[in-house]
Chemist: 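Got a structure for you, questions after.
In what follows, every heavy atom counts, from backbone to side chain, and hydrogens, waters and symmetry copies are set aside. Every chain is numbered from 1 and lettered A, B, ... according to where its sequence line falls, protein lines coming before strand lines.
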Amino acid sequence: MDFQESKVTVNFIQEIIDQDKKTNKYHGRIHLRFPPEPNGYLHIGHAKSICLNFGLAAQNDGLCNLRFDDTNPSKEDVEYIDSIINDVRWLGFTWDDRLFYASDYFEKMYDYAVRLIKAGKAYVCDLSPEEIRKYRGGFKEPGKESPYLSRSVEDNLDLFKRMRAGEFADGSRVLRAKIDMSSPNLNMRDPVLYRILRAAHHRTGDKWCIYPMYDYAHPLEDYYEKITHSVCTLEFEDHRPLYDWVLNTLNLPDPPQQIEFARLSLTNTVMSKRKLRRLVEEGYTAGWDDPRMPTIAGLRRRGYTPESIQNFCDRIGVSKSNSMVDVRFLEHCIREDLNLRVSRVMGVLHPLKLFIDNYPGDMVEEMESENNPEDPAAGTRKIPFSRILYIEREDFHEDPPKKYFRLAPGCEVRLKNAYIIKCERFVRDEKTGEIEEVHCTYDPESKSGKPGAKRKVKGTLHWVSAGHAVKAEVRLYDHLLLDQNEGIEGQEEEKDFRKQLNPSSLEVLTYCLVEPSLAGAAPGSRYQFMRKGYFCVDPDSRSDKLVFNRIVSLRDTWDRILKAEKIE
RNA sequence: UGGGGCGUAGCCAAGCGGUAAGGCACGGGAAUUUGGAUCCCGCAUUCGAAGGUUCGAAUCCUUCCGCCCCAGCCA
């Protein structure tokens with residue numbers, strides 16, 4: 001009997017859903033939403049939320065909406081709407097016709113505010129922003145009631161209508177909830193529901209000059225869309241009583257419930273919008289889609305697959321404890337994915353010329369190579385081999401360190417899918433002292449596939465044929481931050497942020513040589529450069545100038561041995 | 001020292017009164033025409049700490065300690 005591996009992930013939110021299904025809360029319906037504010041680009045932290053919400057919906061036969069929480073026109077822009085839609089779709093999620101905007105509900109929300117006023121639960125307050133702050137009190141002192149608290153319903157109705165009509169200046173009045181100025185939860189001290197803000201909205205234009213605040217708008221948006229489980233991040237925990245207050249005070253049936261989880265933090269990575277913006281605006285990175293950025297756009301350009309990101313998000317788990325996930329786990333996820341699906345090719349990043357002195361100068365052989373040892377169906381291809389080759393500079397050592405099993409004088413090594421060669425001598429540039437050429441002889445009997453190839457040789461090198469190789473630029477990326485920890489959000493000094501930046505997060509290699517099968521490789525296509533890592537053709541790539549991004553290196557045991565010895 | 005949360009290995013994270021899953025990282029080994037992938041093996045006598053309840057506690061109770069969030073007309 002063949003059990004289908006169930007893909008249901010259980011976390012504390014799923015447990016709540018299970019319970020709600022059992023009690024038939026919401027009549028068995030499960031409906032979630034991903035509600036970004038269109039004020040920036042999506043990043044891997046948003047991906048966690050996207051995968052959570054859409055994933056929970058999918059595994060519960062529910063639905064998940066995409067909704068723009070566009071209640072603050074002064075910070076928002078259509079540019080972001082487009083990028084967010086594109087990114088969520090790229091990640092692999094669909095919302096059918098359920099793309100919504102909070103701004104579509106402005107009229108309804110206004111009516112509900114009128115209801116609150118009529119119920120004596122909201123009032124227009126003329127206090128200035130500074131006065132409101134003073135009246136709010138502090139953590140230890142209770143707040144004071146607004147002098148405008150006891151305005152009549154009629155006056156409030158009139159004033160609110162005139163706020164909407166544009167009779168008052170920005171900031172001169174607000175609509176406030178009438179709750180409790182002495183609440184230990186500052187969010188309940190008569191929070192602002194509506195403010196006057198003359199800013200052109202990207203969707204409603206100048207139709208409105210008052211805009212609802214998040215705490216008032218969000219529960220209503222959820223209610224209008226018949227959301228059942230409103231998942232958000234931990235910092236909104238304190239707002240939940242207010243979320244519930246709005247719904248309960250308006251006496252709305254089947255009120256959605258807010259559930260909070262911990263946002264994602266990644267080691268060696270910046271995640272706050274503010275810092276991401278600084279990276280772009282101060283020119284540390286080339287833009288929002290710079291392959292070093294943890295934005296969806298950056299990861300996409302870097303070469304990450306949507307599947308690997310989804311898998312990562314599914315596997316890190318969901319909880320309420322602030323956590324810092326090791327970025328190496330993300331790297332593991334992309335390696336794991338690409339290992340199975342991507343073709344192996346040979347590319348030399350730091351070329352060193354190698355002559356096979358006993359190989360005929362006019363001969364070219366086509367060497368057969370498996371495209372992917374993990375996937376026989378990927379087939380094979382031919383790679384030209386000739387007398388003059390290039391190998392990786394680090395694959396030759398005139399005086400090899402111990403445990404080194406690559407090329408060195410007098411030593412034998414195998415050229416992948418070709419011959420076993422022996423190093424006879426090398427040529428050094430007199431002026432620079434740099435090694436310019438390595439001369440070898442080959443064993444004609446050792447051609448790959450032939451019986452003579454069966455000999456044990458300690459190392460295998462990748463190579464390209466000098467006369468056939470294609471030039472390429474390769475961009476190597478490293479973590480944005482040197483530190484494992486991002487640093488406490490908002491606490492660190494400006495200069496500390498700069499100090500944390502990795503000065504060598506980008507290394508551009510302008511003269512690399514790749515095998516000829518890569519000529520004309522399309523932007524977005526991914527390969528494994530054998531022994532080096534996974535690479536993706538950048539959009540900057542042209543047919544006459546290939547450009548590759550290194551997605552992630554291969555695990556490098558040799559590198560670890562070297563580092564371990566350095567420490568000893 | 002007001003309120004709301006959170007503490008299980010280096011990092012995530014299961015666990016829901018019956019004797020510490022899994023993954024990443026790390027270490028060792030096998031095999032290998034990628035020092036990749038794969039495969040084995042190891043990696044918490046203990047769950048922030050101390051008391052208590054219980055035959056039995058990471059799970060229940062008490063106290064303490066540590067960390068995070070909140071005083072926008074941002075979300």
Chemist: Under 4.0 Å from any atom of RNA chain B, heavy atoms only: list the residues of residues 175-183 of chain A that qualify, in numerical order.
Modeler: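 Going residue by residue through residues 175-183 of chain A, none turns out to have a heavy atom under 4.0 Å of RNA chain B.
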Chemist: Going by side-chain hydrogen bond (donor to acceptor under 3.5 Å, both in side chains), name the pairs with one or both residues in residues 174-184 of chain A, residues two or more places apart or in two chains.
Modeler: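 Every pair satisfying side-chain hydrogen bond (donor to acceptor under 3.5 Å, both in side chains) with a residue in residues 174-184 of chain A: A:Asp180-A:Ser182.
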Chemist: How would you label the contact of A:Ala453 with the nucleic acid (heavy atoms, under 4.0 Å): base, sugar-phosphate, or nothing?
Modeler: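 The answer is base, as A:Ala453 lies within the cut-off (heavy atoms under 4.0 Å) of a base atom.
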Chemist: Nearest-Å distance, CG (A:Asn339) to P (B:A37)?
Modeler: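 Atom CG in A:Asn339 sits about 8 Å away from atom P in B:A37.
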Chemist: Please give, in whole Å, the distance from B:G36 P to A:Asp559 CG?
Modeler: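 Distance check: A:Asp559 CG to B:G36 P gives 12 Å.
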Chemist: Listed by chain and number, what are the side chain to side chain contact (heavy atoms under 4.5 Å, CB included) partners of A:Glu15, not counting sequence neighbours?
Modeler: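 A:Glu15 satisfies side chain to side chain contact (heavy atoms under 4.5 Å, CB included) with A:Val10 once adjacent residues are dropped.
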Chemist: Could you list all the side-chain hydrogen bond (donor to acceptor under 3.5 Å, both in side chains) pairs where at least one residue sits in residues 446-457 of chain A, not counting sequence neighbours?
Modeler: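 Residue pairs passing side-chain hydrogen bond (donor to acceptor under 3.5 Å, both in side chains), neighbours aside: A:Glu365-A:Lys447, A:Glu412-A:Arg455, A:Asp443-A:Arg455.
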Chemist: Quick one: side chains of residues 65-75 of chain A, donor-acceptor pairs under 3.5 Å with protein atoms, not counting sequence neighbours, listed by atom name and distance.
Modeler:
| residue | atom | partner | partner atom | Å |
| --- | --- | --- | --- | --- |
| A:Asn65 | OD1 | A:Arg98 | NE | 2.8 |
| A:Asn65 | ND2 | A:Glu225 | OE1 | 2.8 |
| A:Arg67 | NE | A:Glu221 | OE1 | 3.1 |
| A:Arg67 | NH1 | A:Glu221 | O | 3.4 |
| A:Arg67 | NH1 | A:Asp222 | OD1 | 3.3 |
| A:Arg67 | NH1 | A:Glu225 | OE1 | 3.1 |
| A:Arg67 | NH1 | A:Glu225 | OE2 | 3.3 |
| A:Arg67 | NH2 | A:His218 | NE2 | 3.4 |
| A:Arg67 | NH2 | A:Asp222 | OD1 | 2.6 |
| A:Asp69 | OD2 | A:His218 | ND1 | 3.0 |
| A:Asp70 | OD1 | A:Ala102 | N | 3.2 |
| A:Asp70 | OD1 | A:Ser103 | N | 2.8 |
| A:Asp70 | OD1 | A:Ser103 | OG | 3.4 |
| A:Asp70 | OD2 | A:Ser103 | OG | 2.6 |
| A:Asn72 | OD1 | A:Ser74 | N | 3.2 |
| A:Asn72 | OD1 | A:Ser74 | OG | 2.6 |

Chemist: With rounding to the closest Å, how many angstrom separate the C1' atoms on B:U19 and B:G28?
Modeler: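 Pairwise C1' distance, B:U19 against B:G28, rounds to 30 Å.
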Chemist: Report yes if a side-chain nitrogen or oxygen of A:Ser323 is closer than 4.0 Å to either non-bridging phosphate oxygen (OP1 or OP2) of B:C12; otherwise report no.
Modeler: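 Indeed not, no polar side-chain atom of A:Ser323 lies that close.
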Chemist: Could you list the residues that satisfy side chain to side chain contact (heavy atoms under 4.5 Å, CB included) with A:Arg341, not counting sequence neighbours?
Modeler: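 A:Arg341 satisfies side chain to side chain contact (heavy atoms under 4.5 Å, CB included) with A:Thr305, A:Glu307, A:Asp337, A:Leu338 once adjacent residues are dropped.
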Chemist: Tell me: CD of A:Gln528 to C1' of B:U34, nearest whole Å?
Modeler: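 Going from A:Gln528 (CD) to B:U34 (C1'), I get 7 Å.
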Chemist: Under 3.5 Å for both donor-acceptor distances, Watson-Crick or wobble: does B:G35 have a partner, and if so which one?
Modeler: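 Matched B:G35 with nothing under the 3.5 Å cut-off.
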Chemist: The criterion is ring pair (Phe, Tyr, Trp, His ring centres under 6.0 Å); which residues satisfy it with A:His397, sequence neighbours excluded?
Modeler: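 Result, ring pair (Phe, Tyr, Trp, His ring centres under 6.0 Å) vs A:His397: A:Tyr404.
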Chemist: Across nucleotides 70-75 of chain B, 5' to 3', mark each nucleotide with B, S or - according to how protein heavy atoms within less than 4.0 Å reach it.
Modeler: BBSBSB
Chemist: Can you check each nucleotide of nucleotides 25-32 of chain B against protein heavy atoms at under 4.0 Å and return B for base, S for sugar-phosphate only, - for none, in 5' to 3' order?
Modeler: SSS----S
Chemist: Could you name each residue pair satisfying salt bridge (charged side-chain N to carboxylate O under 4.0 Å, His left out) that touches residues 127-139 of chain A, not counting sequence neighbours?
Modeler: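 Output for this query is empty, none listed.
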Chemist: How close or far is atom C1' of B:C16 from atom CG of A:Asn11, stated in whole angstroms?
Modeler: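 It works out to 15 Å between those atoms.
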Chemist: If you look at every strand shown and take non-hydrogen atoms under 4.0 Å, does A:Gly449 touch a base, only sugar-phosphate, or nothing?
Modeler: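 The residue A:Gly449 makes base contact.
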Chemist: Please measure how far the P atom in B:G42 lies from the corresponding atom in B:G22, and state the result in whole Å.
Modeler: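 One P to the other, the span is 11 Å.
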Chemist: Report yes if the distance between the aromatic ring centroids of A:Tyr194 and A:Phe160 is under 6.0 Å, otherwise no.
Modeler: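 Yes, close enough.
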Chemist: So, using side chain to side chain contact (heavy atoms under 4.5 Å, CB included) as the criterion, who are the partners of A:Pro129 when residues are at least two apart?
Modeler: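 Here no residue qualifies.
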Chemist: Applying salt bridge (charged side-chain N to carboxylate O under 4.0 Å, His left out) as the test, list every pair that has at least one member in residues 318-331 of chain A; sequence neighbours left out.
Modeler: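 Found A:Glu237-A:Lys320, A:Glu260-A:Lys320, A:Asp326-A:Arg328.
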Chemist: Only one of A:Lys416, A:Arg344, A:Arg531, A:Glu515 forms a side chain to side chain donor-acceptor pair (under 3.5 Å) with A:His462, so which one is it?
Modeler: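 That would be A:Arg531; it is the only one of A:Lys416, A:Arg344, A:Arg531, A:Glu515 passing the side chain to side chain donor-acceptor pair (under 3.5 Å) with A:His462.
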